[in-house]
Chemist: 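Here it is: the structure, laid out below.
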Amino acid sequence: MNIIVDNFKFMLMEVGRQLESLRRVMKSPDEKAILRMDTRDDYIDNLKSVLQNNCYAKIHGDASLGSMKVSFLRGINTITTNLERIGDHCVNISRQLLHYEDTTFLQHYDYEICLDVVASALERVDSAVFKRDMNKAFEICRTEMELDSIYKVNFDRIRRELRSGDHTGDFLTTLFIFRYFERIGDTLLNIGEAVIFTITGDRFKIHQIDGLRDVLAQTGKDVPLTDVEFKSIWGSRSGCRIGKVEDASDGNGAVTDVIFKDGEREKLVEERDTIARWQEIAPGLAPRVIALREHDESTSMLVEFLKGETFQDIVLGATAEHLAKAMATLKVTVEHLWDITRKDKPVDAHVLGQLQARLGGVFRTHPHYNYPQYCIGGYVEPSLASIVEAAKEKSHGLVAPFSVFIHGDFNSNNIIYNDTEDRIHYIDLHRSADNDYVQDVSVFMVSNFRLPLFRQNQRSRLRAAALEMYNFGHQYAQKHGDTTYEARMCLGLARSLMTSTRFELNSKFAKHMFMRGVFYLKTFLAHQGDFDAFNLPLEGILD
């Protein structure tokens with residue numbers, strides 16, 4: 001590890017020297033000095049290669065490394081790459097000086113402020129990395145905004161002055177120089193975020209770490225982020241950054257385990273509002289919102305961490321007895337929620353409109369699914385678009401006879417079961433609304449089916465969970481006079497099967513799902529007569 005630290009410090013010093021050389025040649029351009037900068041740049045490149053090789057060798061060759069040391073080495077590797085880019089940009093700026101017709105032209109601009117800002121940021125890197133100084137990491141990150149602002153001022157000035165028609169080449173050369181400084185700002189942002197990674201063990205954008213600090217402060221606790229451990233939660237497809245925040249201090253810290261979310265404002269505000277409604281309907285079902293901070297780039301939120309297992313984990317790994325107990329509690333909970341939120345007013349989930357809105361994402365992953373009409377002998381296969389549109393047209397008037405307040409994204413990994421309390425919790429609730437309960441049932445079924453697990457015992461458990469939820473929904477429909485449950489379920493399954501393929505890169509399995517969705521659309525189109533008599537072929541989802 002010592003050789004990595006030593007070489008890193010040497011590289012940092014060399015990039016600092018390169019910046020000072022650039023300062024001198026910008027004051028007094030000298031071809032020999034620029035050539036010496038080129039030579040030093042080769043040395044910086046070599047240091048980068050040595051450091052990267054050492055980091056990779058240490059990570060892959062030392063099994064005793066803990067997660068934080070691995071994060072440190074990965075962060076050093078990223079910082080090294082970006083330091084080398086700063087060296088490259090210094091050389092690029094120096095080469096621009098050779099293009100001036102008027103060698104004093106640059107002196108009319110305050111370029112030294114850029115050099116000062118970069119130099120100050122580089123001076124902070126050593127202590128930020130080796131003293132785990134989060135404040136210095138923030139200051140390095142914010143250098144990017146300073147350099148962006150300087151670039152904007154000079155860009156606007158040069159654009160105005162170009163109208164004179166004189167010194168066009170010198171104006172453009174000056175613009176390129178400030179543009180390179182702006183790009184150095186981008187690399188410094190990468191360095192600052194890499195330092196944060198070495199401290200927290202997780203990748204954050206600066207606005208996300210700002211958001212985390214701010215929402216933690218809103219709890220009334222002043223907690224150093226070095227005492228906080230962040231564990232990413234993978235698998236979210238919402239676009240939000242989601243992770244579990246734990247107290248990593250000596251045990252006397254003020255942070256209890258919470259979930260941190262950072263993402264699109266509209267989604268998180270919707271989730272806050274729907275959580276508030278769920279708390280009114282069934283206190284404790286949804287996590288409490290502890291803090292929410294809205295800012296320019298995104299919104300950050302802290303919510304209560306709910307203990308328990310996701311239903312997905314239970315279906316795949318629990319004993320048969322534990323699964324049966326969890327499923328029984330889930331059905332009792334869901335039926336109670338449907339009963340107390342049911343409104344005797346017809347509702348249309350617009351399932352095929354949802355499908356059409358998501359097909360673009362499907363086609364970006366699998367372009368060949370957007371097939372045109374074609375003929376095989378005398379048989380004509382209609383295009384996918386015409387099949388979807390025909391099913392949409394036929395479904396007009398097919399509505400649920402009543403609405404309930406649904407989860408809205410009822411995947412098996414959005415349902416938590418606490419065995420100790422024998423209680424169900426819901427998470428990820430921004431899509432909750434008064435709607436057709438069939439949507440939640442169909443989403444739950446497909447969330448089990450779409451898992452790319454192919455051992456027979458795994459498929460059997462997933463199939464059984466999907467079938468049990470289907471039968472539960474069917475019984476509820478019969479109990480409350482819902483005679484079109486199967487017809488709406490047919491469309492719900494088609495929608496969920498087809499749209500799920502945009503997240504599946506296993507081409508064989510994705511095609512399996514997509515064509516089953518098409519099969520359901522064709523089954524729906526082939527039905528004649530009232531939808532009360534529709535017969536759903538379950539083999540399409542349960543096999």
Chemist: My understanding is that only residues two or more places apart in sequence, or in another chain, count here; which of them pass salt bridge (charged side-chain N to carboxylate O under 4.0 Å, His left out) with K511?
Modeler: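 With neighbours one apart ignored, the set is empty.
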
Chemist: Would a distance-only check, ignoring hydrogens and angles, find a side-chain to backbone donor-acceptor pair under 3.5 Å from T173 to G169?
Modeler: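 Side chain of T173 to backbone of G169, a donor-acceptor pair under 3.5 Å: yes, one is there.
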
Chemist: Are any of the side-chain heavy atoms of F10 and V50 separated by less than 4.5 Å?
Modeler: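 SC-SC contact between F10 and V50 ruled out.
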
Chemist: Look up atom OH in Y369 and atom CE in M515, then write down how far apart they are to the nearest 0.5 Å.
Modeler: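 Those atoms lie 9.0 Å apart.
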
Chemist: Show me the pairs that pass side chain to side chain donor-acceptor pair (under 3.5 Å) and involve residues 10-21, at least two apart or across chains.
Modeler: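 Matches after skipping sequence neighbours: E14-R17, Q18-R40, S21-R24, S21-R40.
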
Chemist: Given L35 and K32, is the side chain to side chain contact (heavy atoms under 4.5 Å, CB included) satisfied, shown in steps?
Modeler: CA-CA 5 Å; L35 183 60; K32 290 183 179 179; 5.5 Å; no

Chemist: Could you walk me through whether K27 and Y111 pass the side chain to side chain contact (heavy atoms under 4.5 Å, CB included) test, one step at a time?
Modeler: CA-CA 10 Å; K27 281 187 177 178; Y111 62 84; 3.4 Å; yes

Chemist: Ring-plane angle category for F410 and Y426, please: parallel below 30°, perpendicular beyond 60°, tilted otherwise.
Modeler: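 Taking Y426 first and then F410, their aromatic rings stand perpendicular (interplane angle over 60°).
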
Chemist: Are S496 and F449 close enough, and set up right, to give a side chain to side chain contact (heavy atoms under 4.5 Å, CB included), and what steps lead you there?
Modeler: CA-CA 10 Å; S496 292; F449 177 83; over 6 Å; no

Chemist: Could you please spell out the steps behind the side chain to side chain contact (heavy atoms under 4.5 Å, CB included) verdict for I196 and M134?
Modeler: CA-CA 7 Å; I196 292 169; M134 188 72 81; 3.8 Å; yes

Chemist: Could you tell me which residues satisfy salt bridge (charged side-chain N to carboxylate O under 4.0 Å, His left out) with E309, sequence neighbours excluded, listed by chain and number?
Modeler: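 If we apply the salt bridge (charged side-chain N to carboxylate O under 4.0 Å, His left out) test to E309, skipping adjacent residues, there are no hits.
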
Chemist: Is there side-chain contact between R450 and E504, with heavy atoms separated by less than 4.5 Å?
Modeler: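 No, every pair of side-chain atoms sits at 4.5 Å or beyond.
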
Chemist: Under a 4.5 Å cut-off applied to non-hydrogen side-chain atoms, are F176 and H99 in contact?
Modeler: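 Heavy-atom side-chain distance check fails, nothing below 4.5 Å.
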
Chemist: Indicate yes or no for a side-chain donor-acceptor contact from N82 to the backbone of N190 under 3.5 Å, with no hydrogens or angles considered.
Modeler: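 Flag not set: sc N82 to bb N190 has no pair under 3.5 Å.
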
Chemist: Evaluate the side-chain proximity of K261 to K267: yes if any heavy-atom separation is below 4.5 Å, no if none is.
Modeler: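 The answer is no, as the side chains (C-beta and beyond) never meet within the 4.5 Å cut-off.
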
Chemist: Hey, which of R163, R157, R159 is the one that makes salt bridge (charged side-chain N to carboxylate O under 4.0 Å, His left out) with E161?
Modeler: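 One option only clears the test, and that one is R157.
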
Chemist: Between D133 and R124, is there a side-chain N and carboxylate O pair less than 4.0 Å apart?
Modeler: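 R124 and D133: not salt-bridged.
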
Chemist: Can any side-chain N or O of Q312 pair as donor or acceptor with the backbone N or O of N413 at less than 3.5 Å?
Modeler: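 Not confirmed, Q312 side chain does not pair with N413 backbone.
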
Chemist: Quick one: does any side-chain atom of H366 pair with a main-chain N or O of T501 as donor and acceptor, under 3.5 Å?
Modeler: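 Answer holds: yes.
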
Chemist: Distance from L188 atom CG to I79 atom CD1, nearest 0.5 Å?
Modeler: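 Reported value, rounded in 0.5 Å steps: 11.0 Å.
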
Chemist: Heavy-atom distance under 4.5 Å between the side chains of I427 and I416, does that happen here?
Modeler: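 When only atoms from C-beta onward are counted, I416 and I427 do touch, with a gap below 4.5 Å.
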
Chemist: Using side-chain heavy atoms (C-beta onward) and a distance below 4.5 Å, is V117 in contact with L147?
Modeler: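 Contact flag for V117/L147 side chains = yes.
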
Chemist: I'd like to know whether CG of L505 has more than 12 heavy-atom contacts from other residues, nucleotides or ligands below 6.0 angstrom.
Modeler: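 Result for CG/L505: open.
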
Chemist: Has the side chain of N506 got a donor or acceptor atom that lies under 3.5 Å from a matching backbone atom of P452?
Modeler: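 It does not hold such a pair.
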
Chemist: Within the 4.5 Å heavy-atom criterion, are M26 and L115 side-chain neighbours or not?
Modeler: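 Touching, per the 4.5 Å side-chain cut-off.
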
Chemist: Going through the checks in order, is the side chain to side chain donor-acceptor pair (under 3.5 Å) test met by T187 and R85?
Modeler: CA-CA 7 Å; T187 63; R85 287 176 185 162; over 6 Å; no

Chemist: For the side chain of S432 and the backbone of H407, is there at least one donor-acceptor N/O pair under 3.5 Å apart?
Modeler: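 Between the backbone of H407 and the side chain of S432 there is a qualifying donor-acceptor contact (under 3.5 Å).
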
Chemist: Sequence neighbours excluded, which residues qualify as side-chain contact (heavy atoms from CB on, under 4.5 Å) partners of Y56?
Modeler: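 side-chain contact (heavy atoms from CB on, under 4.5 Å) list for Y56, sorted by chain: Q52, H60, N77.
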
Chemist: Could you work out, with salt bridge (charged side-chain N to carboxylate O under 4.0 Å, His left out) as the rule, every residue matching K392, not counting sequence neighbours?
Modeler: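 Here no residue qualifies.
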
Chemist: Closer than 4.0 angstrom, basic N to acidic O: yes or no for E139 and R142?
Modeler: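 Salt bridge flag = no for R142 with E139.
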
Chemist: At what distance, to the nearest 0.5 angstrom, does CG of N154 lie from CG of L175?
Modeler: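 So the gap between those two atoms works out to 9.0 Å.
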
Chemist: Please check if the side chain of D41 supplies one atom and the backbone of M37 the other of a donor-acceptor pair under 3.5 Å.
Modeler: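 It does not hold such a pair.
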
Chemist: Quick one: side-chain contact (heavy atoms from CB on, under 4.5 Å) partners of T174, sequence neighbours excluded?
Modeler: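 Counting only residues at least two positions away or on another chain, T174 forms a side-chain contact (heavy atoms from CB on, under 4.5 Å) with Y100, F105, L106, Y109, I158, F178.
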
Chemist: Within a strict 4.5 Å, meaning less than it, do heavy atoms of the L355 and L352 side chains meet?
Modeler: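 Contact flag for L355/L352 side chains = yes.
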
